[in-house]
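We count ligands from 1, going down the list as the structure has it; atoms in each ligand are counted the same way. As a basis for the values below, the full set of heavy atoms in this structure was taken, side chains included, without hydrogen atoms, waters or symmetry mates. Each residue takes its place number in the sequence, starting with 1.
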Amino acid sequence: MEVVPTKTHIALLASPGTGHLIPVLELGQRFAIHHGFLVTIFVVTTDASATQSQLPHYSSYKDLLDIVFLPPVDVSDLVTDSMAILSQLVLIMRHAMPILRTKVTALKPRPSALVADIFGTEAFEIADDLGMLKYMFNTTNAWFLALSLYYPHQDEANKHDHVYHHAPLNIPGCASLEYADTVDLYWQSDDRVLHDDYVKMGLDMAKADGILVNSWEYLEPKTLKALRDPNLLSRFSSVPVHPVGPLIRPVQPVGNSVSRSTALEWLDLQPAESVLYVSFGSGGTLSADQLTELAWGLELSQQRFVWVVRPPIESSAFGAYFRQEKRTEDGTPDYLPDGFATRTRKVGLVLEMWAPQTEILAHESIGGFLSHCGWNSTLESLINEVPMVCWPLYAEQGMNSAMLADHLGMAVRPKGVVPGGVVAREVIEKAIRRVMEKDEEPGKLVRAKVLDLKRSAEAALAKGGSSHGSLERVAKECETGLRERARGA
Ligand code: UDP
C-alpha cells in the first residue's frame, strides 16, 4: 500500500560562525512557515553556549525549528597558527561528520533532503547513503559561488598571472576579480591544504541536486546568467542555482540586554541618518595601530558613531571568529587613544565585543555602516537602506567590497585597505565624510543606489517575486522526493 506522509521533513546543516548560522536558521524558518515543513537544524559550533548568547532571540527560532547543537569537536591538536580560516572550518566540519551521520540516521521521519552550507558539503555522502536529496546553501553571493564552482577548473595561465603579476582573474561570464580584491587562497597560493580544500569544495558542491544562494536575480543578473549558461559556468557544473535571498535576521522587539537597550536608547536621541555604525562582523579584529588610526579617523570626521570594538590582535584579521566572548558593559576600553572617551562622549558610543546589529541598522538615526562587508552585514545594511564604507578583512570580503562599491555603487571604499596594512586616519576621515554627507556626492548617489536595491530585494521576496518562486520550486522538489521514496517503500 502506498504511504504518503503529510509533512515533509528536511534537515539543514550550519558550520561554525554566526554568519553561517543566521542565514541557515532564516532559511529553515521559511521552509517551516511558508511550506509547513518539519525542519531539523544541525549546528556545528566551537562553543554552543556563546553561539546561543549571540542570538538574543534564539528562543523564537526554537518554537518553529528543531535545533540540534552537535557536541563541539576538538581539532586543537590539528590546527596551526598559520592555518587559513577556511581550512580550519573544513577540518571542524570533517570531524563532525560521524556524529552527524548517527543523528541524521536516527531522525524520524527520515528527512527528504539535506541542505548544507558551503562548508558542509562532505555531508552529501550521508544524504546519498540515506536516499535524501542534497542541496548546498551558499550563504554569500553568486559571484563568490561562481568562483568556487570554477576554481577546480580554472585556467592555470590566468591563475599564474593573477598570483604573480596581479592580473585580474577571469571567471567565465562574470565580472573579473582584481588582485586587490581577491580571496585569501590567491594571496596564500603556496598553501596546498587551502588549495585542496577549495578544489574539493568546488567539486562537492557541483554534485548537489541544487544550490540555493543568498542573493536575488536583480542584484546579480550577469553572474546568475553565467552560472546557468552551458557555454560558460554551467559547462563545469550543471547544478541548478536557486537565488532565494536576501534572507536576513529580522529586527527583534527591544529586549532586556544591557548593550541592546543602551545602544537603541542612545540612538533615539540622535538626529535622523546622522550616525555611522562601525563593526567588523562576528569575528573581525584589527591591529593596535589600525585601531588607533580608526579611532582618530572617527574623531576627525566629526560624525556621530556607534562603534563595536574588540581588543587588538596583531597576527590575525579573524581573531575573534572561533573565540566568542560574552557581551560586557559598554565603556571605553584602554586600548583606544588616551582621552578618546572624553573627547567623543557627546557624539560617540563604544560597545565592547558585540551589538544588536540588525536593530541598530534599522534605527532611523543610522546614516552609514563602516563594515568588513560580511555578506549578512551587507544584506542587513541594504535592507535598511544604509550605504556602506567597505573595510574587508578576510575570506571573500574583498570581493564583496568590490561588488558593493564598484559594481552596485552602494558603498565607498577607502584606499589602502589590504591585509597587514594600516589605513591612515586622514583616509578614514575622508571615507566617512563621503558616505555620511548625504546632500553631497557621493553620499547622495550611494543612498539612491541602496534604496533601489532595497526595493528590488523586497520585490524578489514578495509573493510572485523571483526569490519567492525559487524557494517554492525547491520546496516542491523536497515534497516530490518524499513522495517518490514513499512509493518505493
Ligand atoms: N552580528 C551582530 N552583532 C555584532 C556583530 C555581528 O549581531 O556585534 C551579526 C550580524 O548582524 C550578522 C552576523 O553577526 O548577521 C555576521 O555575519 P557576516 O556575514 O556579516 O560576517 P561574519 O561574522 O560571518 O564575518
TODO: Using non-hydrogen atoms of the residue, decide whether H20 is closer than 4.0 angstrom to ligand 1.
DONE: no
TODO: Output yes when the distance from some N or O of ligand 1 to some N or O of T378 is under 3.5 Å, and no in every other case.
DONE: no
TODO: State whether the shortest distance between N or O atoms of S282 and N or O atoms of ligand 1 falls below 3.5 angstrom.
DONE: yes
- [ ] Test side-chain hydrogen bond (donor to acceptor under 3.5 Å, both in side chains) on N400 and N141 and set out the steps.
- [x] CA-CA 8 Å; N400 300 349; N141 53 60; 2.8 Å; yes
Open item on the list: Can you confirm, on distance only, whether ligand 1 has an N/O atom lying under 3.5 Å from any N/O atom belonging to T358?
Closed with: no
TODO: Indicate yes or no: does E458 engage K454 in a salt bridge with an N to O separation below 4.0 Å.
DONE: yes
Task: Heavy-atom nearest option to atom 9 (C) of ligand 1, drawn from W354, F280, W375 - done: W354
- [ ] Please lay out, stage by stage, how D197 and R94 fare under the test side-chain contact (heavy atoms from CB on, under 4.5 Å).
- [x] CA-CA 11 Å; D197 286 339; R94 192 162 294 153; 4.1 Å; yes
- [ ] For Y394 and ligand 1, answer yes if some heavy atom of the residue is under 4.0 Å from a ligand atom, otherwise no.
- [x] yes
Open item on the list: Judged on heavy-atom distance to atom 3 (N) of ligand 1, which of A355, S377, G374, S381 sits nearest?
Closed with: A355
Open item on the list: Before you tell me yes or no, could you show the steps for R310 and E352 under salt bridge (Lys or Arg N to Asp or Glu O under 4.0 Å), namely the whole-Å CA-CA distance, both residues' side-chain angles and the distance that decides it to 0.1 Å?
Closed with: CA-CA 6 Å; R310 303 211 169 97; E352 283 187 72; over 6 Å; no
TODO: Check N376 against ligand 1 and report side chain, backbone, both or neither, counting heavy atoms closer than 4.0 Å.
DONE: both
Task: Atoms in ligand 1 with a heavy atom of G19 nearer than 4.0 Å - done: 17 (O), 24 (O)
TODO: Please lay out, stage by stage, how W307 and L370 fare under the test side-chain contact (heavy atoms from CB on, under 4.5 Å).
DONE: CA-CA 9 Å; W307 182 10; L370 189 154; over 6 Å; no
Task: ligand 1 to T18 polar contact by distance, N or O atoms, under 3.5 Å - done: no
TODO: Using a strict 4.0 Å cut-off to heavy atoms of I22, name the atoms of ligand 1 that fall inside it.
DONE: 15 (O)
Open item on the list: So if I count the atoms of ligand 1 from 1 in the order they appear, which ones are less than 4.0 Å from some heavy atom of R249?
Closed with: 7 (O), 11 (O)
- [ ] Using the six-membered ring wherever Trp is involved, compare the ring planes of Y186 and H162 and label them parallel, tilted or perpendicular (cut-offs 30° and 60°).
- [x] perpendicular
Open item on the list: side-chain hydrogen bond (donor to acceptor under 3.5 Å, both in side chains) for S15 and D117? Distances and angles first, verdict last.
Closed with: CA-CA 7 Å; S15 59; D117 73 23; 2.8 Å; yes
Task: Test applied, side chain to side chain donor-acceptor pair (under 3.5 Å); reference residue, E273; option that passes from H363, R447, K438 - done: R447
Task: N or O pair under 3.5 Å between H372 and ligand 1 - done: yes
TODO: Quick one: closest heavy-atom pair of V199 and P152, and the distance?
DONE: O-CG, 3.6 Å
